[in-house]
There are 2 protein chains.
Amino acid sequence: MNASGQHTTARPGPRSGPVRLADVAAAAQVSPALASRVLNGDPAARAAPATKARIVEAAARLGYVPNVAAKSLRVSRTGLIGLVVHDLSSPIYLELMRGAREEAARHSYFLVLGDVDELLDDDDAFRIFISGRRVDGIIMQGGHSELDLRIGDIAQALPTVVVNAPTEVDHEGATQVFPDEPAATRLLTQHLIELGHRRIGLVSGPRQSMTNRLREEGIVSALDAAGLELREDDRVHGEWSADGGRAGVDELVRRWGPGTDRPSALIAGNSLIGIGMLGAVGRHGMVVPRDLSVAAVHDTWINEHLAPSLTAVSLPLHEVGTVAVKTLLAGTNGDRLTLSDPPPVLHRRASTGARPAG
Amino acid sequence: MNASGQHTTARPGPRSGPVRLADVAAAAQVSPALASRVLNGDPAARAAPATKARIVEAAARLGYVPNVAAKSLRVSRTGLIGLVVHDLSSPIYLELMRGAREEAARHSYFLVLGDVDELLDDDDAFRIFISGRRVDGIIMQGGHSELDLRIGDIAQALPTVVVNAPTEVDHEGATQVFPDEPAATRLLTQHLIELGHRRIGLVSGPRQSMTNRLREEGIVSALDAAGLELREDDRVHGEWSADGGRAGVDELVRRWGPGTDRPSALIAGNSLIGIGMLGAVGRHGMVVPRDLSVAAVHDTWINEHLAPSLTAVSLPLHEVGTVAVKTLLAGTNGDRLTLSDPPPVLHRRASTGARPAG
DNA sequence: CTGAAAGCGCTTACAG
DNA sequence: CTGAAAGCGCTTACAG
């Protein structure tokens, strides 16, 4: 159109690939630099409103979506958080994952799934995940003895938050976030005491695990306040699973023998154990709660649908997930956060009742 | 040390940041190009074994981990697969997620979690996830009406595999992977027929959902082969949840009224519904399986621990996950794969029994 | 076969 | 305030 007749009409044909920032800039007749600043809301960019509008409009019209890899390379941020879980088949931590995912989304972050065992087995995967700047930070479930040993190393390479299961020792730089476990089991125990139970047993996970110890601590303190105790022969430790719950009840029944005095109520160390216990108690010919009350840690949707429905105390797992992400993104470091908000809540259901008169 | 005294001793101080390919190359005294080729196992790189060893050794010694962002930018591959799920609180698809994660890991891929509703609500998130080259491909659960409508668009932007819930129509370019639903419910129904049941009811998810239709198809065909039918008034459709199961039983009981003839067995459209049904049946004063047999689709670990334990047919969800990833990475396109390996397996448990004599 | 060079698409000191 | 230029760390045609 102009004198030379070239520059205005001879615009390069539409590029085949995805729209780049340069395309937007060209369309809006500004430099890529300015386009970048405006699109990213840089306050220093005080272009004329009309110019800004032109850039935004061009981006929208062309369907511009920033190339994440290029951005990452430039700013050394991936927009990803690694979530390392023990076992993707346990529903207990779904709520935690959910909380973490939601909070991440609020910050325009996405979650990348890692598996503890795989990461430990595959050195390459471990290195890529941890040191390959594949993620900006990592949230991992504590309580896995082998992985716990490496938390220090991991935290050195990457912002790290350990959730849920506190570890023995503090780890240089790793933040820990977990629910107030003793408060939860205290509540559960008090409920049973109020129902008249004087001897209360426990089926839980590995005895030495921090999680078990904290949960026992709450039980013992509540019993203690009532002048009662958690007897050595009334506790069984095993797996954190329904099978563990079943095995625990089997073991207790074996110990009791016929005619012996026995606890009138049992606490399940977690929700899976509780489910297993309920089934096992029935199989031994006892009726819950008439013969034995059962109450569990973790309030999941299943509890309400079990027969009998399972009394349980809720743990703020959703919050653990959100707080873990917040902490990670805030760059807080090395703290140990015990979540007390929301506090554990007792959900009374059909599996707990008054101590039998006998 | 040499004449000039500079070049040998004045090696640049160790760079502060992470080790780059250039550092490895320098340490091994080769070009970055060769280092890249050797480290990536490029068969064209036929350097002397000693040279190769030097490169590998240098990489190991320096703890070199490739920068994922730089690699991505260069090769236009992220090494990530997006997994878009409906509801991170449903345990049913954990097995699918697990299968997908494992298969992804085998190919050195990681999974990024997306949420259907969030992606639909947040246009930015949707665009970044789908078009930002944030992931190399996407696996999404079908059966979400709103998202199903956009499958075509998504598949156009990205290799897409729809799992589990087949959609109404085929989508240009999207592969679908799902279990053999009719085979599963056929097995379940045949089991009940063999137990002597002649009238069998159903509590399932939304009537028009493809998943429900396929599951009904199997039931009807098995009944048909035995000269029986699925009566209109013996089926209830609602949510795919335990609450849905409970509501379904409530509704059926209401319909039956006192003294009426009624089905002697019910099929649960999925595992959550089955759990809800078991609880509800008990609450209505009926004993399973004496008064009513219950059998469900999906064999999860919970079934065994319910009271009574729940008869169920397994679906190859783990395989759906692995096949989805394989398909995605193989670049296969536009097929509809019905998985028949492993075939559905019936797990007989205590919730199904012979038809009462009455 | 190997190396020098270009370039993936961004952002951001730096100069104007 | 804006633009030209450099550079994030890789890989890969291209030339030798």
Side-chain angles (χ1 to χ4, degrees), chain A residues 12 15-55 58-59 62-79 108 127-128 131-134 136, chain B residues 12 15-55 58-59 62-79 108 127-128 131-134 136:
Chain A
R15 264 199 5 128
S16 54
V19 181
R20 299 155 308 161
L21 182 64
D23 301 324
V24 175
Q29 305 179 68
V30 296
S31 70
L34 184 57
S36 170
R37 289 193 256 250
V38 168
L39 257 20
N40 287 315
D42 182 341
R46 277 192 266 160
T51 312
K52 285 194 180 181
R54 218 168 55 237
I55 295 171
L62 299 177
Y64 170 66
V65 183
N67 180 312
V68 187
K71 192 169 201 154
S72 287
L73 178 56
R74 186 55 234 245
V75 304
S76 305
R77 250 185 15 103
T78 62
S108 303
R127 277 169 35 227
I128 291 176
S131 327
R133 279 132 294 170
R134 177 67 36 269
D136 295 336
Chain B
R15 263 203 1 131
S16 53
V19 180
R20 301 155 306 161
L21 183 63
D23 301 324
V24 175
Q29 305 180 65
V30 295
S31 71
L34 184 56
S36 170
R37 290 194 255 250
V38 169
L39 258 19
N40 286 316
D42 182 342
R46 277 193 266 161
T51 311
K52 285 193 180 179
R54 220 167 54 236
I55 295 171
L62 299 177
Y64 170 66
V65 183
N67 181 311
V68 187
K71 190 168 203 155
S72 288
L73 176 57
R74 187 55 234 246
V75 304
S76 305
R77 250 186 13 102
T78 63
S108 303
R127 278 171 33 227
I128 291 176
S131 328
R133 278 133 294 170
R134 163 88 26 264
D136 295 336

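To find a chain, count down the sequence lines: A is the first, B the second, and so on, and within it residues start at 1.
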Engineer: Is DNA chain D part of any stem, that is, at least 3 consecutive Watson-Crick or G-U pairs with both distances under 3.5 Å, and where?
Structural biologist: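 Stem list for DNA chain D: C:1-3 with D:14-16, C:5-12 with D:5-12, C:14-16 with D:1-3.
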Engineer: Is there side-chain contact between A:Leu39 and A:Leu21, with at least one heavy-atom pair below 4.5 Å?
Structural biologist: yes
Engineer: Assign each of B:Ser31 and A:Leu73 to its nearest nucleotide of DNA chain C by heavy atoms, then name whichever residue's nucleotide is nearer the 5' end.
Structural biologist: B:Ser31
Engineer: Considering all heavy atoms of both residues, which atom of B:Gln29 and which atom of B:Arg54 are nearest to each other, and what is their separation?
Structural biologist: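 In terms of heavy atoms, the two residues are closest at O-NH2, 4.0 Å.
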Engineer: Any non-hydrogen side-chain atom of A:Leu34 less than 4.5 Å from a side-chain atom of A:Thr51?
Structural biologist: yes
Engineer: Determine the minimum heavy-atom distance between B:Gly79 and B:Asp136, stating which atoms define it.
Structural biologist: N-OD2, 2.8 Å
Engineer: Take the protein atom CD1 of B:Ile128 and the nucleotide atom C1' of C:dC10, then report the distance between them rounded to whole Å.
Structural biologist: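 Checked: the CD1 to C1' distance equals 14 Å.
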Engineer: Can you tell me, in whole Å, how much space there is between the C1' of D:dT12 and that of D:dG16?
Structural biologist: 16 Å
Engineer: In the 5'-to-3' direction, what one-character label does each nucleotide of nucleotides 11-16 of chain D receive under the scheme B = base within less than 4.0 Å of a protein heavy atom, S = sugar-phosphate only, - = no such atom?
Structural biologist: BBB---
Engineer: Taking atom OG of A:Ser36 and atom CD1 of A:Ile55, what is their separation to the nearest 0.5 Å?
Structural biologist: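 That separation rounds to 10.0 Å.
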Engineer: If I take atom OG1 from residue A:Thr78 and atom CZ from residue A:Arg134, how far apart are they, to the nearest 0.5 angstrom?
Structural biologist: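 The CZ atom of A:Arg134 is 8.5 Å from OG1 of A:Thr78, to the nearest 0.5 Å.
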Engineer: Which residue lies toward the 5' end of DNA chain C, A:Ala22 or B:Ala48, if each is placed at its nearest nucleotide?
Structural biologist: B:Ala48
